[in-house]
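Since the structure is predicted, the reported quantities are computational estimates derived from the model, not experimental observations. So that the names make sense, note that chain A is the first sequence line, chain B the second, and so on, each numbered from 1. As a basis for the values below, the full set of heavy atoms in this structure was taken, side chains included, without hydrogen atoms, waters or symmetry mates.
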Amino acid sequence: MSTPVRTRFAPSPTGYMHIGGMRTALFNWLWARHNGGTFVLRIDDTDQQRNLDEAVAPILHAFRWLGLHWDEGPDVGGDYGPYFQSQRGDRYQAALEKLMAAGKAYKDFDSPEVVKADREAAEKEKRNYLNIRRSLDLSPQEIADLEEANTSYVIRFLVDRTRKVAIQDSVRGDVEWDCALISDPVIMRSNGSPLYNFASVVDDIDMQITHVIRAEEHLANTSVQALIFEALSGSTPQFAHIPFVAAPGTTKKLSKRDVGKYRNNPQFRKLFALGDTAFPILGNEVSESLNPVMVSYYEQLGFLPEAILNSLARLGWSLDDVTENMSLDFIVEHFTLDRVVKASAGFDPDRLLAFQEHWMESVDTAARVEQCLPYLIKAGWISSSPTDDERAFTGRLITALGERLKVFSDILNYDEYFVADDQLVYDEKAYAKRVEKSVETTIPLLQGYRDVLAAEEDFTASALEAALNQYVESRGAGLGDIIHALRLATTGKPAGPGMFDCLELLGKERCLARIDRMIAHATS
RNA sequence: GGCCCCAUCGUCUAGUCGGCCUAGGACAUCGGAUUUUCAGUCCGAGAACAGGGGUUCGAAUCCCCUUGGGGUCACCA
C-alpha cells in the first residue's frame, strides 16, 4: 500500500489571490482529491507580519468561492500545525541545529556589503558568482570572538560542491544540476528568521507532503531545496513543475506588476471592459486593487466558479483531444500529472468567456435572479429588500435576456428597464440613424402604432407582434420602417432582447409614455 | 552572461514511447443560412508540426546542432 498523497499550496499573504496561483493551487487540490489524499493550505509568511489577517482573508475567500476546500490549514487546523510559518519558529530552529550539528550549515559573518562586493567582482570578471566561504576558515576562537562582539551573521546551507543533484520531475522528467555552480543559500537571516527555501522544506517534511506541485518558475531553486530535503530527511518529495500561466497573447509570466500594460492587450480588453462598465455603477474602483489578474475580479463581476475552474484546469492540462467542458467532479476523477503540458500556457480571456457561457446555460432563471439581485440593489435600481414585484420583474427581464446574460453583472447593462420613463437616454448614433434621418416617415408610423398599442387588450409579445405586422401592412410599410425607432423609443438602445419581449416587459403604460416622449422629442 | 526549462493552427491543445496524420478538437477569426435589431443557433472556410542535419523502409513523434522564447540567479516567496 502506498503512502497517502498529501499536497499543499503555500501562498504568501499578499492580500489578494492571483489567478495563476489559483491554477497552481487547483492542480495541487486536484491531485490530492484524485488520490483521495489531503490538501494542505499553509501560509508562507516568513517575510511579512503586518496585517496578517487582512492579507490572508482574501486568499481563503477565493478558495471558498471556488469550492476548493482545504483539509488542513488556517481556520480548520490539522495534525501538523501551526499552518503559519511565522508560528513555526521552533521547527526551523530545530532543523537548523540538526544541520549545524551535522556540519551542513554554518554561520557566515560576512556583511551584506562584502557579499555584494563579491558578487559585483564576479560579475565584472564575467565569472559565475559563488559565495566565498571566508567564515569557514574561522577558528572556534575567532567565531567566539565575533559572537562576543555581537557581529551579525546569517546561516548558510553548505553545498557539497563536488557532487550533482537531480530530481525526477513528474512533468519535466529528469533534471540535474552541478552543485559546483550553486552558491550556499542563506537559510536564516541575521534577524533569526528563516528563508523560504529552508522554511518551505522544513514544513514540507513536517507536514509529510508527498507531492510538491508548483509553477515552473520554482524549478531553478529546486536544486537547493532538494539538497536540503536530503540533508534533513534523506529523501525528497515527488516534484511536479507545471508550466506557468502567461499573460494573454504573450509568453511572459502573468504578473500583477504588468496590469497597466494589460489594459492595452487586445485579448484582455473584453475582461477590462466588463469591469469598466460594471464597477462604476456599483461604486467600486477599477484599479490596481481590482483587476483581471485577481480571482476576486471575476467573483465581483458575477462569473461562475465552474467557469473559472474549467478554464484554469485547461491551462496546461487536457484530458484528451475533444473534452473541453468539465465539471470539477469530472476533473477530479480524471486529473493526472502525466497529462500536464510542459510549455507555458497563455491565459485566454476568450476561452474563459466561452466556458462561462457554457456553464451559465445550466443556471436556471430562479438562480440567475438570486445572483443578479445584489447587483441591482447595489446599483440602487431596486430597493435593498426587493419586493415581490421587483423580483418578478427581474425574473421576466432575465428570461427575455436569455443568453445575452453572460455574467451576472451584465444585468447592469439594462438600466433602461429600471429607469423612469422621462429619464431614458437615447443612444446618440442610433437615434441619428433610425429617427432623425427619417422623422417625416418614422414618426407618423410610430404615432399610429402607439394608438394600436393603446387599444391592445392582450399586451403580450405574440399579440403585439401580430398587431404590428397587421399595422405595417395596413400602412403599406415594412417592419424595418418602424421597428428600430420603436426599439429606440422604448429602450433607448439599438439592441437588446426581442422587440416584443421588451414591450411586454415594460407594459402598456410605460410603452405609451416612452413613445409619446420620443415623438415629442423628435418633433420639437 | 551562467544554469535550467520549453518549441504543433492567432490561442488552448490532441498526437503515450515512429506508420491509422494529405496532423484532430475547442476558442477566436472570416463567410453563408435563419432572425425585425443585437446575441444566439445551424452550415462552411482559412489557419500549425521553428530551421538544419541524422537514425529508419517510414518521423510532428527518436538523437544532435542551430534559432527562438521563457524562467532563475536576494538576508523575496
Ranking B/C27, B/C6, B/U36 by distance to the side chain of A/His484, first place goes to B/U36
Below 30° counts as parallel, above 60° as perpendicular, anything between as tilted: where do the rings of A/Phe347 and A/Tyr298 land? perpendicular
query: Say you pick atom C1' in B/U67 and the same atom in B/G52; how far apart are they, in whole Å?
result: 10 Å
Walking RNA chain B from its 5' end, the first of A/Met499 and A/Val341 to be reached, judged by nearest nucleotide, is A/Val341
Under 3.5 Å donor-acceptor pair, A/Glu123 side-chain atoms to B/G1 base atoms:
no
Among B/A28, B/G2, B/C75, the one nearest any side-chain atom of A/Val154 is B/C75
From the candidates B/A77, B/A14, B/U36, the one with an atom nearest any side-chain atom of A/Glu465 is B/U36
Of B/G71, B/A14, B/U36, the nucleotide closest to the side chain of A/Ala220 is B/G71
C1' atom, B/G69 versus B/A33: distance in rounded Å? 43 Å
Testing B/C6, B/A74, B/U13 for proximity to the side chain of A/Ala345, the answer is B/U13
| said: With rounding to the closest Å, how many angstrom separate the P atoms on B/C27 and B/A74? | reply: 45 Å
Is any N or O donor-acceptor pair between the side chain of A/Arg339 and the base of B/U16 shorter than 3.5 Å?
yes
Which of B/C4, B/C76, B/C27 is nearest the side chain of A/Val175? It is B/C4
- [ ] Tell me what A/Gly346 touches on the nucleic acid: a base, only sugar-phosphate, or nothing, going by heavy atoms under 4.0 Å.
- [x] sugar-phosphate
* To do: Anything under 30° is parallel, anything over 60° is perpendicular, the rest tilted; go ahead and classify A/Tyr471 against A/Tyr449.
  => tilted
With the side chain defined as heavy atoms from C-beta on, A/Lys406 is closest, among B/U13, B/A77, B/A39, to B/A39
Q: Using the P atom on both, measure B/A59 against B/G1 and round to a whole Å.
A: 35 Å
Notebook entry, point to check: Which whole number of Å gives the distance between the P atom of B/A26 and that of B/C38?
Noted result: 26 Å
Using the P atoms only, state how far B/U8 lies from B/G51, rounded to an integer number of Å.
11 Å
Q. Hey, is A/His218 doing a stacking thing with B/G71, by the 5.5 Å centroid and 30° angle criteria?
A. no
### Query
Rounding to the closest angstrom, what is the interatomic distance between B/C65 and B/A28 at atom P?
41 Å
By side-chain contact (heavy atoms from CB on, under 4.5 Å), A/Glu436 pairs with (sequence neighbours left out) A/Tyr431, A/Ala432
A/Ala343 has its side chain closest, among B/A39, B/C6, B/G2, to B/C6
Whole-Å distance, A/Lys429 NZ to B/C38 C1', equals 14 Å
Whichever of A/Asn191 and A/Thr323 has the more 5' nearest nucleotide on RNA chain B, that residue is A/Thr323
So, does the side chain of A/Arg351 form a donor-acceptor pair with the base of B/U11 at under 3.5 Å?
-> no
Identify whether the distance between the nearest side-chain nitrogen and carboxylate oxygen of A/Asp258 and A/Lys261 falls below 4.0 Å. yes
What residues 177-186 of chain A contributes to the RNA chain B interface at heavy-atom separation below 4.0 Å is A/Trp177, A/Leu181, A/Val186
(request) Answer with yes or no whether the side chains of A/Asp350 and A/Gln267 bring together a donor and an acceptor at under 3.5 Å. (result) no
For a 4.5 angstrom cut-off between non-hydrogen side-chain atoms, does A/Glu416 reach A/Lys493?
yes
According to the interplanar angle, ranging from 0 to 90°, do the rings of A/Phe335 and A/Trp317 count as parallel (below 30°), tilted (30 to 60°) or perpendicular (above 60°)? tilted
(message) So, under a plain 3.5 Å distance rule, would you say the side chain of A/Arg172 forms a donor-acceptor pair with the base of B/C4?
(response) no
TODO: Take the angle between the ring planes of A/Phe330 and A/His334 and call it parallel below 30°, perpendicular above 60°, tilted in between.
DONE: tilted
Regarding the side chain of A/Asp44, the nearest nucleotide among B/C5, B/A14, B/A77 is B/A77
With a 4.0 Å cutoff (strictly under), does any side-chain N or O of A/Lys252 reach OP1 or OP2 of B/G70? yes
With no hydrogens and no angle check, just 3.5 Å: does a side-chain donor-acceptor pair link A/Arg368 and A/Thr394?
no
Check: How far does the P atom of B/C20 sit from the matching atom of B/G15, given to the nearest Å?
Finding: 15 Å
Given B/A74, is OP1 or OP2 found less than 4.0 Å from the side-chain N or O atoms of A/Arg189? no
* Does the base of B/C6 carry an N or O that pairs as donor and acceptor with the side chain of A/Ser344 under 3.5 Å? -> no
